[in-house]
Each structure stands twice: as C-alpha cells, then as structure tokens.
Protein chains: 2
Amino acid sequence: MMELTRKGEYAIRGIVYLAGKPLDKVCLLSDIAAAVDVPPTFLAKIFQQFSKIGLVRSFRGTGGGFLLGRAPELITLLEVVEAVEGPIIPNRCVCAPQDCDRSAFCNVHPVWKRVQGQVRDVLTGVTLRELADGNNQQ
Amino acid sequence: MMELTRKGEYAIRGIVYLAGKPLDKVCLLSDIAAAVDVPPTFLAKIFQQFSKIGLVRSFRGTGGGFLLGRAPELITLLEVVEAVEGPIIPNRCVCAPQDCDRSAFCNVHPVWKRVQGQVRDVLTGVTLRELADGNNQQ
DNA sequence: CCTAAAAAGACATTATGTATCCTTTTAGGG
DNA sequence: CCCTAAAAGGATACATAATGTCTTTTTAGG
Ligand code: SF4
Ligand code: SF4
C-alpha cells in the first residue's frame with residue numbers, strides 16, 4: 001500500500017539531479033537519464049509534465065535542454081511528487097466525501113484526513129536543496 | 001498516490017461492523033456484506049485473509065459465521081490495513097534498500113522512512129473500538 | 001443424509017503502470 | 001534558407017495489479 005510508482009521515483013531522481021547543478025546550467029535529457037539511470041523516453045514524458053507547471057524550464061533545438069524552474073530551496077518534495085503522482089489521497093473520500101454516503105457518520109474518514117496531513121507535512125518539509133546537497137553536488 | 005484500494009476499504013468496513021457487535025455474536029458474511037455495502041464474494045476473500053491471521057474467527061456449517069478474533073480495543077487499524085494491503089511502503093527502498101544501488105548515498109531514502117513512520121503511527125493510534133463507537137453500535 | 005455456510009481455487013474483466021516509437025515543432029548555426 | 005539538434009506530442013504495446021465472479025470442496029448442525 002501507498003507505494004510510489006516508478007514514474008514518481010524517476011521524477012524525483014531526475015529533478016534532484018537538476019537541483020544539484022548550477023541554476024543556469026542547461027542539461028540534456030539524455031545526460032540526465034543516463035546519470036540517474038532512468039529510461040530516457042520515460043523521463044522525457046515526466047519532464048514534459050514538469051515543464052508544463054513550471055517546475056523545470058525547457059529549451060528546444062540545438063543547445064536545448066532542461067534547467068530548474070526555481071531555486072532548489074523553493075521546491076518542495078511534495079510539489080514534485082504531486083506533479084507526477086497526483087494529490088496525496090490515502091482514500092477516495094478524503095478528496096470526495098460526497099462519493100461515499102457513509103462519510104456522514106464514518107469514524108474512519110477523519111483518520112485518512114490525518115494520514116494525508118502527516119504525509120504532506122513530511123514532504124513539504126523537504127526541499128530539493130536538501131536532497132541535492134551531499135551527493136551529486138559538483 | 002498512496003490510495004487505499006477497494007479491498008482495503010471493504011476490509012475496514014467489514015471488520016468495523018464486527019467490532020460494533022457483541023464479541024460473541026456470530027455474524028453471517030451475507031449480513032455483513034449487505035450492511036456495509038460490499039460485494040459478498042469479495043468480502044468473503046477478505047475475511048478469509050483475516051481468519052488466517054486470527055483477526056477474525058470463523059465457524060463453518062449451519063449456524064456458522066464470523067466474529068472478531070480479539071476485543072476491538074486490541075485491534076489497531078494498522079493491523080487491519082496491513083493484513084489486506086501488505087506493509088506500508090512509501091517506496092520500494094524502504095523495505096529493500098539493497099534493490100537500489102543508489103540507496104547508499106541517497107538523501108530521499110530517509111524521507112520515505114519518515115513517511116512510513118508517520119503513517120504507521122497514525123494507524124497504530126486508532127483501534128477498532130474507537131471506529132465502531134458512535135455509529136453501528138447496538 | 002441434508003442443508004447451511006465458510007474455504008479454496010480458477011477464471012474473467014478492467015484499469016494502471018511502464019514503457020517505446022514516430023511525427024511534429026522549435027531553435028541555432030552555417 | 002537549409003540542416004541538424006533537441007524537446008513536445010500522440011499513438012501504441014505490454015505487463016501487472018485491481019476488482020470481482022463462479023464452481024467445487026470442506027465442515028458442521030439437525
Ligand atoms: S466508509 Fe468512511 S473511510 Fe470508507 S470511503 Fe466512506 S467515508 Fe471514507
Ligand atoms: S534513489 Fe533513493 S529514494 Fe529512490 S529507490 Fe533508491 S534509495 Fe530509494
């Protein structure tokens with residue numbers, strides 16, 4: 001239960017790699033993919049998603065590539081995860097109580113709310129800066 | 001991400017229903033399924049799993065059915081969830097660091113450990129007694 | 001023995017995850 | 001103005017997991 005998908009794992013690897021580079025260093029997708037050991041075509045899809053919401057910026061054509069959309073200390077792990085995995089929802093009713101007609105009197109419902117809060121808190125408390133420091137720094 | 005499956009949801013509904021009954025009241029699967037609005041055949045599979053690990057006790061044949069394996073205040077939500085969904089694993093490496101050769105220098109790894117701990121803490125802090133009280137009590 | 005009820009196992013269907021491939025767009029450089 | 005590099009977008013293929021259902025077997029009471 002509650003398992004991150006490959007996509008999410010790859011997404012984190014990729015963007016943490018970027019976070020370890022200078023902010024203005026344009027990185028080739030193929031280089032990133034090779035460095036973090038992710039299928040390049042898959043990572044391409046992931047970075048397209050990142051690009052759409054501004055987490056990374058992209059440049060096409062010769063000399064193109066990717067760089068981080070913001071300073072790594074301003075990007076939380078929660079943002080990254082939710083960008084590719086969708087919102088943190090331990091149970092359907094957390095997001096859509098109206099879908100379950102038991103939610104009115106259900107004592108389990110608030111527990112999932114609490115789980116959601118805790119997970120979000122942990123992930124919000126971690127920035128890409130912290131994740132990048134100590135390893136792929138150069 | 002992190003979404004409970006139907007199976008998990010159904011499992012909780014079913015066992016919470018049992019927890020709301022007297023400890024010695026044998027309940028028919030068909031009755032439970034109807035009361036908590038779950039496909040009976042599916043709930044049967046779930047309760048078989050519960051039965052194997054002693055979370056519920058079962059009796060076959062005429063007059064048979066299910067009852068709770070222990071007092072509801074002694075069964076945590078974590079037990080119930082892990083029984084049907086498997087362990088709480090936010091990422092593969094939490095359970096098997098050796099599977100990822102990056103785990104040695106990875107700063108993300110401890111974050112997932114923390115997530116796991118928080119979720120488990122929340123679920124451990126809730127017993128079936130608390131979940132049953134206030135609604136299907138009779 | 002007959003019937004009620006759970007256990008066990010096989011099967012069917014759908015949804016999700018995990019990619020790959022091909023075509024199109026964009027941009028730089030000669 | 002072309003040629004090439006590189007990302008964007010769309011379609012597709014395959015594997016795995018989720019969500020059930022069905023049938024047969026075992027167990028137990030009356
Ligand atoms: S029964 Fe309770 S926990 Fe389950 S989906 Fe409905 S509100 Fe949520
Ligand atoms: S890279 Fe880090 S977070 Fe990802 S699987 Fe490996 S150890 Fe875990």
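Values below: all heavy atoms of this structure, side chains included; hydrogens, waters and symmetry mates excluded. In what follows, chains are A, B, ... by sequence order, proteins preceding strands, each numbered from 1.
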Protein-nucleotide distance (L43(A), atom CG; dT18(C), atom C1'), rounded to Å: 14 Å

Apart from F59(A) itself, its cluster of hydrophobic side chains linked below 4.5 Å comprises V26(A), L67(A)

Sorted by chain and residue number, the salt bridge (Lys or Arg N to Asp or Glu O under 4.0 Å) partners of R92(B) (sequence neighbours excluded) come out as E3(A)

Would you please name every residue forming a side chain to side chain donor-acceptor pair (under 3.5 Å) with E73(B), sequence neighbours left out? R129(B)

Can you give me every donor-acceptor pair (side chain of residues 29-41 of chain A, partner residue at least two apart or in another chain, under 3.5 Å) with its distance?
none

Which residues share a salt bridge (Lys or Arg N to Asp or Glu O under 4.0 Å) with R70(B), sequence neighbours left out: E79(B)

Both distances under 3.5 Å, Watson-Crick or G-U wobble: report the partner of dG30(D), or none. dC1(C)

Interatomic distance, E9(A) CD vs dT18(C) C1' [rounded to whole Å]: 14 Å

Contacts under 3.5 Å, N or O only, protein and nucleotides 4-7 of chain C:
{"residue": "dA4(C)", "atom": "O4'", "partner": "T62(B)", "partner atom": "OG1", "Å": "3.4"}
{"residue": "dA4(C)", "atom": "N3", "partner": "T62(B)", "partner atom": "N", "Å": "3.4"}
{"residue": "dA5(C)", "atom": "O4'", "partner": "G61(B)", "partner atom": "O", "Å": "3.2"}
{"residue": "dA6(C)", "atom": "OP1", "partner": "L29(B)", "partner atom": "N", "Å": "3.0"}
{"residue": "dA7(C)", "atom": "OP1", "partner": "S58(B)", "partner atom": "OG", "Å": "2.7"}
{"residue": "dA7(C)", "atom": "O4'", "partner": "R60(B)", "partner atom": "NH1", "Å": "2.3"}

Only residue of F50(B), F47(B), F42(B) satisfying ring-ring contact (aromatic ring centres under 6.0 Å, His included) with Y10(B) is F42(B)

Where at least one partner belongs to residues 80-91 of chain A, residue pairs that pass salt bridge (Lys or Arg N to Asp or Glu O under 4.0 Å), sequence neighbours excluded: E82(A)-R120(A)

Apply side chain to side chain donor-acceptor pair (under 3.5 Å) to T127(B) and list each qualifying residue two or more places apart in sequence or on a separate chain. E130(B)

Write down the protein N/O and nucleotide N/O pairs, taken from nucleotides 18-21 of chain D, whose separation is under 3.5 Å; answer none if there are no such pairs.
{"residue": "dT19(D)", "atom": "OP2", "partner": "R6(B)", "partner atom": "N", "Å": "3.0"}
{"residue": "dG20(D)", "atom": "OP2", "partner": "Y10(B)", "partner atom": "OH", "Å": "3.0"}
{"residue": "dT21(D)", "atom": "OP2", "partner": "T41(B)", "partner atom": "OG1", "Å": "2.9"}

Between P on dA8(D) and CZ on R57(A), what's the gap in Å once rounded to a whole number? 13 Å

